[in-house]
**Student:** 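Dumping the structure here so I can ask a few things about it.
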Amino acid sequence: MKPQTEAELAEIIAGANGPLHITGGSTRPIGRTKGAALSTAGLSGVTLYEPGALTIVAKAGTPVTTIEAELAKENQRLAFEPMDHRGLLGTTGEPTIGGVVAANVSGPRRIAVGACRDFALGVRFVDGSGTIIKNGGRVMKNVTGYDLVKLICGSYGTLGVLTEVSLKVLPNVETTGCVLLHGLDDATAIAALSKALGSPFEATGAAHLPNGIDGVSVTMIRIEGFEKSVTYRAEKLRDLLKGFGEATIRIGSEKDWASVRDVSALADQKGDVWRISTKPSDAAALTAVLGATAVQYDWGGGLIWALMPEGADLRAKLGACDGHATLIRGKADTSTFHPEPAPLAAITTGLRAKFDPRGILNPGMMT
């Protein structure tokens with residue numbers, strides 16, 4: 001099913017007599033669900049773009065590339081840097097903006113500007129009873145009552161099917177620079193990243209690849225802005241990190257960060273891929289007990305991508321930890337998303353009962 005209008009989508013959901021599997025561009029098949037395929041790809045197009053107000057409104061099925069091309073005309077961008085999962089998951093098609101919002105997809109720049117949900121101004125969606133709901137608007141201070149925008153962002157289509165999203169955008173930058181350290185172990189690298197993020201030099205990316213160039217680890221800190229400012233701040237940051245070894249500076253390295261964003265280092269390797277969110281101070285100790293084939297650290301160590309042997313239950317190895325692990329790609333016999341504590345699970349169940357009383361939207365996706 002591929003409705004072309006919001007009204008047609010509402011009619012399909014209202015008349016459904018069984019579960020529905022919600023898809024956008026079919027590039028992110030994360031989670032275990034079932035049901036008849038319902039695609040939002042037919043709901044496509046930018047409906048409003050006001051560069052002066054830093055606002056863009058688009059239908060949920062609009063390809064991300066279409067939005068990026070429109071923003072580029074005005075030298076603007078999606079600041080939260082959404083990841084492209086196609087390489088990691090081996091999928092084709094086009095990522096859609098509705099899928100990005102539904103999964104709260106956010107890249108390396110999250111440490112500096114926030115996640116996708118922090119840039120979501122408004123949404124339109126159809127709930128599980130077929131009712132069309134609108135929440136938020138086109139400015140930041142736009143919500144009275146319940147903030148459904150933040151609730152829907154990251155709900156993976158289990159509370160409603162997005163039809164339109166309104167996003168805040170930001171101006172593009174003139175230059176990107178990167179300070180690199182080589183040969184650091186994981187704990188030392190994360191300490192260096194923490195020091196960089198605690199500095200006044202406004203890092204917008206902080207990653208560590210244990211298996212970097214020619215098998216030598218590389219630690220990366222990104223600086224963005226006007227060229228003179230980037231050069232100055234990169235040099236100051238290099239001086240600040242002297243205690244961690246000799247650092248080099250690379251200007252114009254955005255391609256490197258696209259690889260970090262899309263976890264390209266794990267894309268063509270056999271095994272299960274897990275995404276772990278934790279405190280940076282705990283990251284090195286956690287990965288030490290995993291027995292992972294390969295790992296990548298982002299967000300200063302707060303985000304770990306781990307390649308595990310097929311079928312391995314990573315959560316069992318983690319034990320009790322202050323964080324959560326999501327199975328992004330693989331065959332492990334466990335839930336995709338981290339089990340919720342009982343109080344939170346009760347709230348989640350209550351919300352789903354309100355927005356999807358028949359339990360037909362992506363059933364089993366987040367359980």
Side-chain angles (χ1 to χ4, degrees), residues 1-47 56-70 78 82-105 116-117 120 122-135 148-149 151-167 328-329 336-337 352 355-356 358-367:
M1 293 174 285
K2 190 177 178 180
Q4 303 299 306
T5 66
E6 184 180 68
E8 186 180 347
L9 172 64
E11 184 178 351
I12 290 172
I13 293 176
N17 54 13
L20 298 171
H21 173 45
I22 317 302
T23 65
S26 298
T27 64
R28 197 177 298 107
I30 298 169
R32 297 172 180 174
T33 187
K34 59 184 179 180
L38 175 58
S39 172
T40 62
L43 306 172
S44 183
V46 175
T47 56
I56 192 165
V57 182
K59 295 180 181 179
T62 308
V64 173
T65 52
T66 298
I67 292 176
E68 290 176 334
E70 194 71 19
L78 294 172
M83 175 184 178
D84 185 342
H85 284 77
R86 286 177 292 184
L88 189 64
L89 300 183
T91 55
T92 57
E94 285 285 338
T96 63
I97 196 63
V100 166
V101 173
N104 190 33
V105 180
C116 172
R117 67 162 45 92
V123 293
R124 291 180 66 95
F125 64 96
V126 181
D127 71 9
S129 64
T131 302
I132 297 171
I133 299 173
K134 175 184 177 182
N135 187 249
L148 301 185
V149 179
L151 181 66
I152 288 294
C153 192
S155 65
Y156 284 83
T158 59
L159 301 179
V161 182
L162 283 165
T163 60
E164 186 179 81
V165 297
S166 174
L167 298 169
I328 299 297
R329 184 192 80 194
T336 299
F337 294 89
R352 290 192 182 127
F355 285 93
D356 182 23
R358 293 180 293 164
I360 63 171
L361 300 181
N362 276 350
M365 169 67 78
M366 301 185 75
T367 57

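Residue numbers count from 1 along this sequence.
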**Student:** Hey, which of Leu361, Asn362, Ile360 is the one that makes side-chain contact (heavy atoms from CB on, under 4.5 Å) with His21?
**Tutor:** Asn362
**Student:** With the side chain counted from C-beta on, respond yes when Ile12 and Val126 share a heavy-atom pair under 4.5 Å apart, and no when they do not.
**Tutor:**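 Side-chain contact under 4.5 Å: no.
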**Student:** Under a 4.5 Å cut-off applied to non-hydrogen side-chain atoms, are Arg352 and Leu159 in contact?
**Tutor:** yes
**Student:** Is a side-chain donor or acceptor of Arg86 paired with a backbone partner of Gly93 at a separation under 3.5 angstrom?
**Tutor:** yes
**Student:** For the side chain of Arg124 and the backbone of Glu6, is there at least one donor-acceptor N/O pair under 3.5 Å apart?
**Tutor:** no
**Student:** Check whether any side-chain heavy atom of Thr33 lies under 4.5 Å from a side-chain heavy atom of Pro363, and answer yes or no.
**Tutor:** yes
**Student:** Compare every heavy atom of Pro3 with every heavy atom of Ser39, then report the nearest pair and how far apart it is.
**Tutor:** O-CD, 3.3 Å
**Student:** Measure the spacing between CG of Leu88 and CE of Met83 and express it to the nearest 0.5 Å.
**Tutor:** 5.0 Å
**Student:** Between CD of Glu70 and CD1 of Ile56, what distance do you get to the nearest 0.5 Å?
**Tutor:**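 Reported to 0.5 Å precision, the distance equals 6.0 Å.
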**Student:** Show the nearest heavy-atom pair for residues Gly25 and Thr96, with the distance to one decimal.
**Tutor:**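 Minimum heavy-atom contact is N-CG2, 3.6 Å.
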**Student:** Over all heavy atoms of both residues, which pair between Gly99 and Val105 is shortest? Give the atoms and the distance, please.
**Tutor:**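 Heavy-atom minimum between the residues: O-CG2, 4.4 Å.
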**Student:** State whether the side chain of Thr62 and the backbone N or O of Lys59 hold a donor-acceptor pair below 3.5 Å, judged by distance alone.
**Tutor:** yes
**Student:** With a 4.5 Å limit on heavy-atom distance, are the side chains of Cys153 and Asn104 in contact?
**Tutor:**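 When only atoms from C-beta onward are counted, Asn104 and Cys153 do touch, with a gap below 4.5 Å.
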**Student:** Taking C-beta and beyond as the side chain, do Leu162 and Ile97 meet within less than 4.5 Å on heavy atoms?
**Tutor:** no
**Student:** Any chance you could measure Ile152, atom CD1, to Asn135, atom CG, to the nearest 0.5 Å?
**Tutor:**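 Going from the CD1 atom of Ile152 to the CG atom of Asn135 covers 9.0 Å.
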**Student:** For Thr27, is there any backbone N or O sitting under 3.5 Å from a side-chain donor or acceptor partner on Thr91?
**Tutor:** yes
**Student:** To the nearest 0.5 Å, what is the distance between CD1 on Ile13 and CZ on Arg358?
**Tutor:** 8.5 Å
**Student:** Closest approach of Phe125 and Gly160, non-hydrogen atoms and distance?
**Tutor:**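 For Phe125 versus Gly160, the nearest heavy atoms are CD1-CA, 3.9 Å.
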**Student:** Kindly compute the distance separating CD1 (Ile22) from OH (Tyr156), expressed to the nearest 0.5 Å.
**Tutor:**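 Between Ile22 CD1 and Tyr156 OH, I get 15.0 Å after rounding to 0.5 Å.
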**Student:** A quick test of your reading: do over 12 heavy atoms of other residues, nucleotides or ligands sit less than 6.0 Å from CD of Gln4?
**Tutor:** yes
**Student:** So does His85 get a backbone contact from the side chain of Arg28, meaning a donor-acceptor N/O pair under 3.5 Å?
**Tutor:**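 A pair under 3.5 Å: no.
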**Student:** Looking only at heavy atoms, which two atoms of Gly154 and Arg117 are closest? And how far apart?
**Tutor:** CA-NH2, 4.1 Å
**Student:** Report yes or no: does Thr40 contribute a side-chain atom to a donor-acceptor pair with the main-chain N or O of Leu43 at less than 3.5 Å?
**Tutor:**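 Judged by distance alone, no pair lies under 3.5 Å.
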**Student:** Any chance you could measure Thr163, atom OG1, to Glu8, atom CD, to the nearest 0.5 Å?
**Tutor:**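 Reported value, rounded in 0.5 Å steps: 13.0 Å.
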